[in-house]
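So the structure is just underneath, and the comments pick up after that.
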Amino acid sequence: MSPVIKVHDRFFEPFILSDAIEKRVKQMAAEISATYEDKNPLFLAVLNGAFILAADLLREINFQSEISFVKISSYEGTQSTENIKELIGFTENLRGRHVIIVEDIIDTGLSMQHILKQVNSHSPASIKIATLLLKREALQYPIEADYIGFDIEQKFVLGYGLDYDGLGRNLRHIFVEKRP
Ligand code: 5GP
Ligand code: MG
């Protein structure tokens with residue numbers, strides 16, 4: 001088991017270990033496969049946080065599918081803000097496509113609401129949401145994720161794609177902030 005780590009000024013301890021993440025991602029891929037096998041879905045991964053999940057999830061998908069990436073920023077430090085920036089890299093033709101949005105974490109749901117609105121405006125055939133983490137009790141917007149890795153408490157986490165002010169995305173495990 002990895003020890004407590006220090007990232008910038010804060011301490012984090014192991015929370016969800018890589019074996020558990022790997023197992024859950026495989027299950028998510030199996031659930032997705034059951035529905036999308038013959039639909040050539042378009043996975044839309046939200047950068048930067050979802051890059052690891054997208055890479056792991058997509059390698060468990062054994063049928064025809066495509067992936068594209070969008071980027072949005074709504075988070076500074078350890079507090080969610082209302083400061084939504086523009087969605088960029090949004091160049092695919094989504095009309096008639098079955099879209100699966102791939103996110104690292106849903107906190108208040110504001111980012112996802114913003115993404116859903118923009119994806120919807122391109123007339124896809126369907127939209128579903130796959131997120132590794134959901135802070136269900138933090139939700140302030142009516143977001144319903146279809147594929148959820150882990151439902152977690154309202155604590156700040158990092159690792160497996162998630163950062164704290166730029167650091168920690170490469171950690172294999174998910175860590176949670178350690179409070180004294
Ligand atoms: P929301 O818009 O749902 O409030 O926040 C979603 C975004 O905030 C996520 O995509 C992620 O970038 C960031 N976020 C929310 N909670 C956490 C967390 O516990 N750790 C990290 N590293 N980012 C988080
Ligand atoms: Mg994110």
Side-chain angles (χ1 to χ4, degrees), residues 2 4-18 20-21 24-25 28 32 42-58 67-90 99-121 127-180:
S2 317
V4 170
I5 56 167
K6 188 178 184 203
V7 179
H8 292 301
D9 54 335
R10 295 172 192 242
F11 292 90
F12 294 86
E13 60 190 349
F15 180 45
I16 308 174
L17 299 185
S18 63
I21 300 170
R24 190 72 193 109
V25 169
M28 290 170 77
I32 291 169
L42 174 67
F43 290 91
L44 209 55
V46 184
L47 296 174
N48 294 327
F51 81 109
I52 304 243
L53 172 64
D56 284 351
L57 185 69
L58 266 287
I67 182 158
S68 189
F69 299 87
V70 290
K71 187 164 182 170
I72 192 176
S73 176
S74 71
Y75 215 78
E76 277 152 31
T78 58
Q79 290 292 311
S80 198
T81 76
E82 295 281 312
N83 187 19
I84 288 288
K85 294 169 191 141
E86 202 45 43
L87 200 57
I88 58 171
F90 199 69
V99 174
I100 304 165
I101 298 167
V102 180
E103 249 295 26
D104 51 358
I105 187 165
I106 297 174
D107 183 5
T108 65
L110 178 64
S111 308
M112 187 53 73
Q113 170 153 297
H114 189 76
I115 294 163
L116 280 175
K117 202 170 143 196
Q118 297 207 28
V119 172
N120 245 318
S121 73
I127 308 177
K128 283 197 181 177
I129 300 169
T131 185
L132 182 70
L133 304 172
L134 171 68
K135 294 182 182 173
R136 197 181 293 278
E137 283 165 16
L139 266 183
Q140 291 173 29
Y141 298 86
I143 302 298
E144 286 185 27
D146 302 279
Y147 306 100
I148 299 161
F150 302 92
D151 196 346
I152 64 168
E153 303 167 64
Q154 296 188 47
K155 287 182 177 171
F156 189 76
V157 295
L158 87 168
Y160 197 78
L162 291 140
D163 74 312
Y164 169 36
D165 280 351
L167 298 181
R169 294 193 194 277
N170 55 314
L171 294 164
R172 299 180 69 83
H173 311 297
I174 292 172
F175 289 74
V176 66
E177 184 166 17
K178 190 172 160 62
R179 294 280 184 192

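One-based numbering, in listed order, for ligands and for the atoms of each.
Using a 4.0 Å heavy-atom cutoff, His114 is absent from the residues neighbouring ligand 1. The closest approach between Met112 and ligand 1 stays at or above 4.0 Å for every heavy atom of the residue. Under a 4.0 Å heavy-atom criterion, Tyr164 is not in contact with ligand 1. Ligand 1 is never approached by Gln140 to a heavy-atom distance shorter than 4.0 Å. At least one heavy atom of Gly109 sits closer than 4.0 Å to an atom of ligand 1.
Counting only distance, with no hydrogens or angles, the side chain of Asp146 and the backbone of Ile129 share a donor-acceptor pair below 3.5 Å. Without hydrogens or angle criteria, His173 side chain to Gly159 main chain gives no donor-acceptor distance under 3.5 Å. Of the possible donor and acceptor atoms, one in the side chain of Lys135 sits under 3.5 Å from a partner among the backbone N and O of Lys155. In this structure, the side chain of Glu13 does not engage the main chain of Val176 through any donor-acceptor pair within 3.5 Å.
Taking every non-hydrogen atom of Leu162 and a distance limit under 4.0 Å, the qualifying atoms of ligand 1 come out as 21 (C), 22 (N), 23 (N). The atoms of ligand 1 that sit less than 4.0 Å from any heavy atom of Glu103 are 10 (O). Close contacts between ligand 1 and Lys155 involve ligand atoms 19 (O) [criterion: under 4.0 Å to a heavy atom]. Atoms of ligand 1 lying under 4.0 Å from any heavy atom of Asp104, numbered from 1 in the order shown and given with element: 9 (C), 10 (O). Ligand-side atoms of ligand 1 in range of Thr108: 1 (P), 2 (O), 3 (O), 4 (O), range being under 4.0 angstrom from any heavy atom. Counting atoms of ligand 1 from 1 in the listed order, those under 4.0 Å from a heavy atom of Lys135 are 16 (N), 17 (C), 18 (C), 19 (O). Set against the non-hydrogen atoms of Asp163, the atoms of ligand 1 under 4.0 Å away are 21 (C), 22 (N).
Aromatic ring orientation, Phe12 versus Phe156: tilted (interplanar angle from 30° to 60°).
In this structure, CD1 on Ile52 lies 13.0 Å from CG on Leu57, to the nearest 0.5 angstrom. Atom CD1 of Ile143 sits about 9.0 Å away from atom OG1 of Thr108, to the nearest 0.5 Å.
Qualifying side chain to side chain contact (heavy atoms under 4.5 Å, CB included) partners for Arg24, counting only residues two or more places apart in sequence or in other chains: Gln27, Met28, Glu31, Phe150.
Under 4.0 Å from ligand 1, heavy atoms of Asp107 appear from its side chain as well as its backbone.
Evaluated by nearest non-hydrogen atom to atom 11 (C) of ligand 1, the leading choice among Leu47, Ile106, Ile105 is Ile105. With atom 21 (C) of ligand 1 as the reference point, the heavy atom nearest to it among Tyr160, Phe156, Phe175 is part of Phe156.
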Would Arg136 and Ile148 count as a side chain to side chain contact (heavy atoms under 4.5 Å, CB included) here? Give the steps.
CA-CA 11 Å; Arg136 197 181 293 278; Ile148 299 161; 3.8 Å; yes
Side chain to side chain contact (heavy atoms under 4.5 Å, CB included) between Phe43 and Val99, intermediate numbers included
CA-CA 6 Å; Phe43 290 91; Val99 174; over 6 Å; no
